[in-house]
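Counting convention: from 1, in listed order, for ligands and their atoms alike.
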Amino acid sequence: MVKILITDPIHEEAIKILKELGEVEIATDLSKEELLNKIKDVNILIVRSGTYVDREIIDAGKNLKIIARAGVGVDNIDVDYATEKGIIVVNAPDASSISVAELTMGLILAAARNIPQANNSVKSGKWERKKFKGIELYGKILGVVGLGRIGQQVVKRAKAFGMEVIAYDPYIPKEVAENLGVKLLNDLNELCKMADIITLHVPLTPKTKHMIGEEQINLMKKNAIIVNCARGGLIDEKALYKALKEKRIKAAALDVFEKEPPKDNPLLKLDNLICTPHLGASTEEAQKAAGIIIAEQIKKILNG
Ligand code: NAD
């Protein structure tokens, strides 16, 4: 009997399919020691972004055949090492693009109109209409960093708001940008200079780590808003903290942090930082799709 271990919550429809394939154990919030212990007998490990599958876990998984990520980003899995060990890594890259794009638009609007701050203010008995004067998205320049699945969905939505869109993505064919009506730039710094709102949609890799640092932030407009629904490590949080504290840019809206949960992160103390707890793919639709896609992939692999 194939042993399947699920260490982050996945959709019940996916669990139903998996139960037809083998013996399923659901154990979320495991410590590393607990996972190291459990992984020994497991053939298939299923995670989302909450479980770190490093070399140590892979080495302990003597019977591991498949690691499945019910979602997009696989930066919490040492894919190269797993592959070297003959373990197949599967994910569901298409499942959450729309959900993440919609949250991105939500955060852009929230930052542009100070929605979270205004909400807190009204609930605390105040009525501060002047304090929360915002800006329109219409006519503003949106800088999209990473014009892949999510970036493209964001572009379509931003266009509906009447935004002008520029993008930086050295790997995307220029026809993709042309078809979307987007001006593709060759230089990230140029995008940082030109955009009113900057949104990140690139994977976290050694190359993209801290791609938004002090240099890029210093180039941004005084009223710039930066949104990150991709991965925390893309922005140098120390540089961002300094810039927000000194009001060198207007605001940042983050769904992701370098360390999650961001306990004791000084960014959380700032009024011009709004955030959500890595909710990009947390919709009924995205979760269901991600779960089913990986369960079906596992079924295919097992059936040869
Ligand atoms: P994708 O692979 O379709 O698109 C990524 C794009 O980034 C590609 O077009 C690629 O060419 C581009 N890129 C790579 N390196 C770059 C660089 N150095 N500079 C500029 N562009 C670069 O991925 P996607 O489905 O659009 O997802 C993007 C990221 O969003 C994921 O890697 C993941 O980390 C994140 N994500 C977050 C959530 C969430 O819950 N917040 C959910 C899903 C995905």
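In the vicinity of Val100, heavy-atom distances shorter than 4.0 Å reach the ligand 1 atoms 38 (C), 42 (C), 43 (C). With ligand atoms numbered from 1 in the order given, ligand 1 contributes 19 (N), 20 (C), 21 (N) to contacts under 4.0 Å with heavy atoms of Pro170. For ligand 1, the atoms lying closer than 4.0 Å to a non-hydrogen atom of His278 are 39 (C), 40 (O), 41 (N). Distances below 4.0 Å separate heavy atoms of His201 from the following atoms of ligand 1: 5 (C), 6 (C), 7 (O), 28 (C). Within ligand 1, the atoms closer than 4.0 Å to a non-hydrogen atom of Tyr168 are 19 (N), 20 (C), 21 (N), numbered from 1 in the order shown. Remark: ligand 1 atoms within the under-4.0 Å shell around heavy atoms of Ile172 are 9 (O). Counting atoms of ligand 1 from 1 in the listed order, those under 4.0 Å from a heavy atom of Met211 are 19 (N). Distances below 4.0 Å separate heavy atoms of Val72 from the following atoms of ligand 1: 25 (O), 43 (C), 44 (C).
Applying the side chain to side chain contact (heavy atoms under 4.5 Å, CB included) criterion to Arg113, with sequence neighbours excluded, gives Ile115.
Ion pairing between Glu214 and Lys238 fails under the 4.0 Å rule for side-chain N and carboxylate O.
Residue Glu56 is tested with Asp59, Ile58, Asp54 for a side-chain contact (heavy atoms from CB on, under 4.5 Å); the sole match is Asp54. Of the listed residues (Val24, Val42, Ile44), just one forms a side-chain contact (heavy atoms from CB on, under 4.5 Å) with Val2, and that residue is Ile44.
By heavy-atom distance, the residue among Val202, Asn91, Leu103 lying nearest atom 29 (C) of ligand 1 is Val202. When Arg149, Gln152, Arg231, Lys209 are ranked by how near their heavy atoms come to atom 1 (P) of ligand 1, first place goes to Arg149.
The two atoms that bring Ser282 and Arg48 nearest to each other are OG-NH2, 3.8 Å, heavy atoms only.
For atom 32 (O) of ligand 1, the nearest non-hydrogen atom of the protein is Pro203 CA, 3.2 Å. For atom 4 (O) of ligand 1, the closest heavy atom belonging to the protein is Gly148 CA, 3.2 Å. Of all protein heavy atoms, the one closest to atom 18 (N) of ligand 1 is Thr208 CG2, 3.5 Å. Taking atom 16 (C) of ligand 1 as the reference point, the nearest protein heavy-atom neighbour is Tyr171 CE1, 3.6 Å. For atom 12 (C) of ligand 1, the closest non-hydrogen atom of the protein is Asp169 OD2, 3.1 Å. Distance from atom 44 (C) of ligand 1 to its nearest protein heavy atom, with residue and atom name: Ile150 CD1, 3.6 Å.
Looking at ligand 1, you won't find any N or O of Leu204 less than 3.5 Å from one of its N or O atoms.
Side-chain N/O atoms of Thr51 and Asp8 include a donor and acceptor closer than 3.5 Å. Donor-acceptor pairing under 3.5 Å is lacking for the side chains of Ser99 and Glu102. Inspection of the Glu260 and His278 side chains reveals an N or O donor paired with an N or O acceptor under 3.5 Å.
Two residues are said to be in side-chain contact when any heavy atoms from C-beta on lie closer than 4.5 Å; Gln117 and Asn119 fail this criterion.
In terms of modelled atom types and a separation under 3.5 Å, the side chain of Asp255 and the main chain of Leu279 share a donor-acceptor contact. Side chain of Thr208 to main chain of Pro203: a donor-acceptor pair is present (N/O by atom type, distance under 3.5 Å, no hydrogens or angles). Judged purely by atom type and a 3.5 angstrom limit, Asn272 uses its side chain to pair as donor or acceptor with the backbone of Leu244.
Note on ligand 1: Cys229 sits in its first shell, one or more heavy atoms being nearer than 4.0 Å. Not close to ligand 1: Ser97, with no non-hydrogen atom less than 4.0 angstrom away.
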